[in-house]
Each structure stands twice: as structure tokens, then as C-alpha cells.
Amino acid sequence: MRRYLCCCIAAMGLSPNSWADKVLTQLDHRQMTWLKPKETITVKLPTDPGSGYLWFLERSDSALTTLHMAQDWRFIPRHKNQRQPIGDSTWRFIARQEGDVTLRFIYRKPWQGPEIEPLDIREFRLVVAEQERNY
């Protein structure tokens with residue numbers, strides 16, 4: 001049975017560990033999370049696209065060298081057949097090499113410029129290392 005399950009998962013393009021990702025939510029704001037190289041992490045933030053607001057990831061050079069974006073932004077509705085979809089915006093990352101990065105997500109309307117204060121900001125500090133260190 002296990003062999004059959006692994007074959008089905010491989011056929012779908014998923015690794016056996018793909019469902020074991022660490023998941024960060026808005027409750028993890030400003031918390032530090034440890035990752036080992038090649039480990040995956042998903043950021044999941046509540047979104048109401050009907051309001052015009054969307055989450056935007058601010059990219060930094062340190063984040064791009066330490067993390068690989070395995071999945072670009074994706075919206076997942078919480079309930080099907082809703083008139084106004086409310087759901088979660090998700091991003092998936094793979095730890096590429098050791099480093100310390102902060103992912104910063106900004107909740108704003110796409111047509112608003114940087115001079116307008118965003119509705120919300122969420123930051124997640126990720127430390128990629130083979131072993132946990134004392135900070």
C-alpha cells in the first residue's frame with residue numbers, strides 16, 4: 001500500500017515530504033523560524049481580493065540568495081462557489097543556503113503608491129542553518 005501511495009504521489013509531481021512543509025501564518029508575525037538547507041516553508045496569509053487589497057512580497061537580495069521561491073503567489077479560496085472569494089494567499093520557499101532573512105509582506109491595493117500607508121504588514125524572520133544557534 002505504501003509503495004502504491006508513493007508512486008501516486010510521484011506521478012503527481014510531489015515529493016513524499018511536500019505535505020510536511022512548515023507553515024507560517026499571520027500569527028507567526030515577527031517570530032523567528034529555523035530551517036535546514038533544502039527544507040521547505042509555506043507562508044499563508046488571509047486575503048479578501050474583493051476589497052481590492054492583495055499581499056505583496058518585498059524582495060531583498062539576501063532573501064533571494066538564501067531562499068528559492070518554489071511557488072509564486074497563489075490564491076486559495078476557503079469555500080467554493082462564493083460570490084466574493086475570501087481565502088488565503090500562499091507562497092512556498094525552499095531554503096537554499098545558510099543565512100538569516102526577513103520576509104516582508106505588504107497588504108495594499110495594487111494601484112496605491114509607496115507614499116500611501118499599507119493596510120497591514122507581516123514580517124517573518126527565517127534562519128537557515130544545519131543546526132540551531134543561540135541568538
Side-chain angles (χ1 to χ4, degrees):
M1 179 66 177
R2 179 173 165 76
R3 186 176 192 172
Y4 173 75
L5 180 61
C6 288
C7 290
C8 289
I9 290 169
M12 291 187 298
L14 301 173
S15 70
N17 293 327
S18 64
W19 59 79
D21 290 355
K22 290 182 180 180
V23 178
L24 299 178
T25 67
Q26 63 184 358
L27 301 175
D28 299 303
H29 175 58
R30 295 203 172 136
Q31 300 293 317
M32 182 169 47
T33 302
W34 292 94
L35 293 169
K36 291 183 178 180
K38 298 184 182 177
E39 195 171 5
T40 58
I41 192 160
T42 299
V43 177
K44 181 177 168 182
L45 296 170
T47 305
D48 178 8
S51 68
Y53 284 91
L54 296 173
W55 287 102
F56 294 92
L57 170 62
E58 277 190 356
R59 298 178 189 241
S60 68
D61 291 340
S62 62
L64 293 175
T65 57
T66 305
L67 300 173
H68 168 70
M69 187 179 287
Q71 170 197 310
D72 222 348
W73 173 84
R74 192 167 107 186
F75 176 75
I76 301 172
R78 291 196 189 137
H79 306 286
K80 293 182 180 176
N81 303 323
Q82 279 185 317
R83 286 185 149 202
Q84 288 189 335
I86 295 175
D88 297 300
S89 292
T90 64
W91 295 260
R92 190 165 181 243
F93 301 92
I94 300 172
R96 182 181 290 182
Q97 65 185 34
E98 291 193 3
D100 186 340
V101 298
T102 299
L103 296 177
R104 188 169 198 251
F105 294 87
I106 298 176
Y107 199 52
R108 71 166 8 123
K109 293 180 179 179
W111 57 86
Q112 292 177 330
E115 68 281 353
I116 296 175
E117 194 68 28
L119 185 63
D120 197 1
I121 296 174
R122 297 293 163 166
E123 294 179 340
F124 306 95
R125 182 175 174 204
L126 304 175
V127 178
V128 180
E130 284 293 336
Q131 296 181 348
E132 288 188 21
R133 296 180 227 145
N134 294 325
Y135 278 88

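All heavy atoms count here, side chains included; hydrogens, waters and symmetry mates do not.
At a threshold of 4.5 Å between non-hydrogen side-chain atoms, the residues L24 and L126 count as touching. Between P37 and R96 the shortest side-chain heavy-atom distance does not fall below 4.5 Å.
Contact between P110 and G52 at its shortest, heavy atoms only, is CD-O, 3.3 Å. Minimum heavy-atom separation, K44 to T90: CG-CG2, 4.0 Å. The heavy-atom pair separating S51 from Y107 by the smallest distance is OG-OH, 4.2 Å. The two residues I106 and P118 come nearest to each other via the heavy atoms CG2-CB, 3.3 Å. When all heavy atoms of P46 and Q26 are compared, the closest pair comes out as CG-OE1, 3.3 Å. Of all non-hydrogen atoms in P49 and L54, the two that sit nearest each other are CB-CD2, 4.3 Å.
Checked by atom type and distance alone, the side chain of T47 pairs as donor or acceptor with a backbone atom of L45 at under 3.5 Å. A donor-acceptor distance shorter than 3.5 angstrom exists from the side chain of K22 to the backbone of W34, with no hydrogens or angles considered.
Separating the CG atom in L57 from the OG atom in S89 is a distance of 11.5 Å, to the nearest 0.5 Å. Between the CD atom of Q112 and the CD atom of E117 there is a distance of 10.5 Å, given to the nearest 0.5 Å. Expressed to the nearest 0.5 Å, how far NE2 of H68 lies from NZ of K38 amounts to 13.0 Å. Between E98 atom CD and T66 atom OG1 the span is 10.0 Å, to the nearest 0.5 Å. For the atom pair CZ of R108 and CG of D120, the computed distance is 11.5 Å after rounding to the nearest 0.5 Å.
In the model, R122 has no side-chain atom that pairs as donor or acceptor with a side-chain atom of H29 under 3.5 Å.
Taking the six-membered ring for Trp and thresholds of 30 and 60 degrees, F105 and W55 have ring planes more than 60 degrees apart, a perpendicular arrangement.
Put simply, V23 and L103 are part of two different groups of oily side chains (I, L, V, M, F, W, Y) that touch within less than 4.5 Å, one to the next. Linking Ile, Leu, Val, Met, Phe, Trp and Tyr residues whenever their side-chain heavy atoms come within less than 4.5 Å leaves I41 and I94 in two separate clusters. There is no path of hydrophobic side-chain contacts, each under 4.5 Å, that joins Y53 to I121.
Identified under the salt bridge (charged side-chain N to carboxylate O under 4.0 Å, His left out) test for residues 26-37, with sequence neighbours left out: R30-E123.
Remark: of the listed residues T102, T33, V43, V43 is the sole one forming a side chain to side chain contact (heavy atoms under 4.5 Å, CB included) with F124.
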Stepwise side-chain contact (heavy atoms from CB on, under 4.5 Å) check, Q97 with V128: CA-CA 7 Å; Q97 65 185 34; V128 180; over 6 Å; no

